[in-house]
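Note sheet for the following structure.
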Amino acid sequence: MDKTNYTAVEEFILLAFSDLYQLQIPLFFVTLFVYIMCVFGNFVILFLVVAEPSLHTPMYLFISELSILEVMYVTCIVPNLLANLIADKKSISFSGCFIQLFVNSALGTAVSYLFSVMAYDRDLAIYKPLHYSVIMTQKVCVQLVVLPWIVGIITVLISTVFTANLEFCGPNKINHFFCDYYPLQSLACSDTFITQVVTNSGAVFAVVLPFIATVGLYTHIIFIILKIKSAESKQKAFSTISSHLTVAGLCYVTVIIVYTVPKGTHYSKFLALTYTVIAPLLNPFIYAFRNKDIKKTLIKLRRLKLCQGSF
């Protein structure tokens, strides 16, 4: 038997929400609005951090990195979804599908590890405040910024290569709005057992390990805060981590729900929208409304603009 790998499929059809018919147009405008607001909100956070010298700290460096990752992540998926909702032909090329698979998975993994990095940063700041500036040097900051990207690329590259090496010679319709591992593997003509093992192992490294690390670090932080005697210091410490907890919790909860709901249902696709579009939209607003430093910077810039306008 010839075991040479071949691929007869040249493109995939992303079914997305095609069976909603007339509702696709309203969904298009809602998704477009959310996408624009998401990009705008994250760029506002980036602008504020760059413009305000008091925000030039490791914590806000990591928040800025999160904003960049969120913008790249939604841009990898949403424009194609928007085209899909209004186009007659809902196809994506074979190479384009796997590029999207690799990029969005790598970015998603990087976000998961960045949450752990942010948790470590807060844990260090609260647990060892006097040693924080000595430990969190510029070199360490750069290493922690680069770490999520490296882990994301390496972890996802292996699973993507294994999936791309499967034989696709039959059905090419993906019941999703973007290319993902399990919908793609279900279309393969060849045996997918080893590929699924590799993919599941990759998922452990991509989501489970950073999730455990993040939960462990925040649990440690909460125990430390509870030991603080001063009510004012305790409140200040909680306010510092509240926005981080909200953003990380929103991301992890939606991802867990998506992967426990039966695949291929409308529920799974709409839930997938929550972590691909809604969560990145909410993140900048959570930081804007729950973070005192961000709010102070917004008020400061607004007053400065009003003063300039009065002259």
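By convention here, the first residue in the shown sequence is residue 1.
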Quiz item: Going by the angle between their ring planes, with limits at 30° and 60°, are F168 and F94 parallel, tilted or perpendicular?
Solution: perpendicular

[Y] backbone acceptor or donor facing [X] side chain under 3.5 Å:
X	Y	result
N283	V247	no
T155	A206	no
D121	V117	no
N200	Q196	yes
H56	V50	yes
T163	Y181	no
Q100	C76	yes
S186	P183	yes

Which distance, rounded to the nearest 0.5 Å, do you find between the [atom1] of [X] and the [atom2] of [Y]?
X	Y	atom1	atom2	value
E167	T192	CD	OG1	12.0 Å
H220	I222	NE2	CD1	11.5 Å
D293	M59	CG	CE	6.0 Å
I99	I92	CD1	CD1	8.5 Å
I225	I126	CD1	CD1	4.0 Å
K128	Y132	NZ	OH	14.0 Å

Connected via hydrophobic side-chain network under 4.5 Å: [X] and [Y]:
X	Y	answer
L27	L23	yes
F115	I241	no
V49	F40	yes
V197	V156	no
I153	F162	no

Under 3.5 Å side-chain donor-acceptor pair for [X] and [Y]:
X	Y	value
Q24	S18	no
Q185	T195	no
S230	E232	no

Practice problem: Check step by step if side chain to side chain contact (heavy atoms under 4.5 Å, CB included) holds for I77 and V277. | Solution: CA-CA 9 Å; I77 295 173; V277 182; over 6 Å; no

Quiz prompt | Residues Y35, V39; criterion side chain to side chain contact (heavy atoms under 4.5 Å, CB included); working and verdict | solution = CA-CA 6 Å; Y35 174 65; V39 173; 3.8 Å; yes

Could you tell me if the side chain of [Y] sits less than 4.5 Å from the side chain of [X], heavy atoms only?
X	Y	answer
I86	I25	yes
L144	F62	yes
C179	L14	yes
F43	V71	yes
K90	F177	no
V140	I135	no
L101	F98	yes
C38	V78	no

What's the shortest heavy-atom distance between [X] and [Y], and which atoms?
X	Y	result
S159	V198	OG-O, 3.7 Å
P53	A51	CD-O, 3.3 Å
Y252	V207	CE2-O, 4.3 Å
L55	L48	CD1-O, 3.6 Å
V134	T137	O-CG2, 3.1 Å
P210	T214	O-OG1, 2.7 Å

Can you tell me if [atom1] on [X] sees more than 12 non-hydrogen neighbours from other groups inside 6.0 Å?
X	atom1	result
Y218	OH	yes
I194	CD1	no
F33	CZ	no
K173	NZ	no
Q235	CD	no
F205	CZ	no
Y127	OH	no

Self-check item: Test log, rule side chain to side chain contact (heavy atoms under 4.5 Å, CB included), inputs V111 and L66
Solution: CA-CA 7 Å; V111 168; L66 178 63; 4.0 Å; yes

Quiz prompt | Derivation of the side chain to side chain contact (heavy atoms under 4.5 Å, CB included) call for F17 and N84 | solution = CA-CA 9 Å; F17 302 97; N84 186 296; over 6 Å; no

Quiz item: When you look at N42 and E70, which way does the side chain to side chain donor-acceptor pair (under 3.5 Å) test go after all the steps?
Solution: CA-CA 8 Å; N42 280 289; E70 298 285 28; over 6 Å; no

